[in-house]
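Here the structure is laid out as structure tokens; the discussion comes afterwards.
Numbers for residues simply follow the sequence, beginning at 1.
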Amino acid sequence: PIPTSSAPDRAERGSSDAVRLLEGLRANDHRVPVVIFSSGAFARENREAALRLGALEYTSNWETLFEVIDRRFGPPPRA
């Protein structure tokens, strides 16, 4: 099962929800592209762990988020 959280205090939880999600995916050999979009809080520690666990990117910047999506999946089709 993929780990979930009821958002306890960060000190109780240890790692971020994003890192726990990636750990669960890896432990169960699920291979899906993951981009973490999060606040800037604890970004340095969480980004390093998320990238090490296979995330395509860990960002709090909208422009970076859309660049990663376009790079991985291509731009959306034009109407």
Side-chain angles (χ1 to χ4, degrees):
I2 297 172
T4 60
S5 172
S6 58
D9 182 287
R10 180 173 173 75
E12 289 179 36
R13 173 171 94 219
S15 61
S16 74
D17 290 336
V19 170
R20 291 178 44 200
L21 170 70
L22 289 163
E23 289 170 340
L25 290 170
R26 181 179 243 189
N28 290 289
D29 200 30
H30 295 297
R31 299 169 191 261
V32 296
V34 176
V35 177
I36 307 297
F37 185 72
S38 184
S39 73
F42 305 101
R44 175 178 284 183
E45 310 88 59
N46 293 335
R47 184 176 194 277
E48 290 175 13
L51 295 176
R52 188 173 49 252
L53 289 165
L56 297 174
E57 184 59 82
Y58 184 107
T59 186
S60 59
N61 178 282
W62 283 103
E63 187 175 331
T64 302
L65 173 66
F66 289 115
E67 286 173 0
V68 171
I69 292 170
D70 282 349
R71 195 169 53 241
R72 176 63 171 88
F73 301 104
R78 295 188 178 237

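Taking CG of D17 as the start and CG of L22 as the end, the distance is 11.0 Å to the nearest 0.5 Å. A distance of 9.5 Å separates CZ in R31 from CZ in R26, rounded to the nearest 0.5 Å. Separation of atoms CD (E57) and CD (E67) is listed at 9.5 Å; rounding is to 0.5 Å.
Cluster annotation: L56 is not connected to L53 through the hydrophobic network of ILVMFWY side chains, with a link wherever side-chain heavy atoms come within less than 4.5 Å. Grouping the Ile, Leu, Val, Met, Phe, Trp and Tyr side chains by contacts below 4.5 angstrom, directly or via other members, places V35 with F66. Under the 4.5 Å side-chain heavy-atom criterion for Ile, Leu, Val, Met, Phe, Trp and Tyr, V32 and V19 are members of the same hydrophobic cluster. F73 and L65 fall within a single hydrophobic cluster, where Ile, Leu, Val, Met, Phe, Trp and Tyr side chains are chained together by heavy-atom contacts under 4.5 Å. The hydrophobic cluster containing L25 also contains Y58, counting ILVMFWY residues as joined when their side-chain heavy atoms lie under 4.5 angstrom apart, directly or transitively.
S60 and S38 make their closest contact through CB-O, 2.7 Å (heavy atoms, listed as atom of the first residue, atom of the second, distance). Looking at every heavy atom in both residues, A50 comes nearest to I36 through CB-CG1, 4.4 Å.
Of the possible donor and acceptor atoms, one in the side chain of N61 sits under 3.5 Å from a partner among the backbone N and O of E63.
T59 places none of its side-chain heavy atoms less than 4.5 Å from the side chain of V68.
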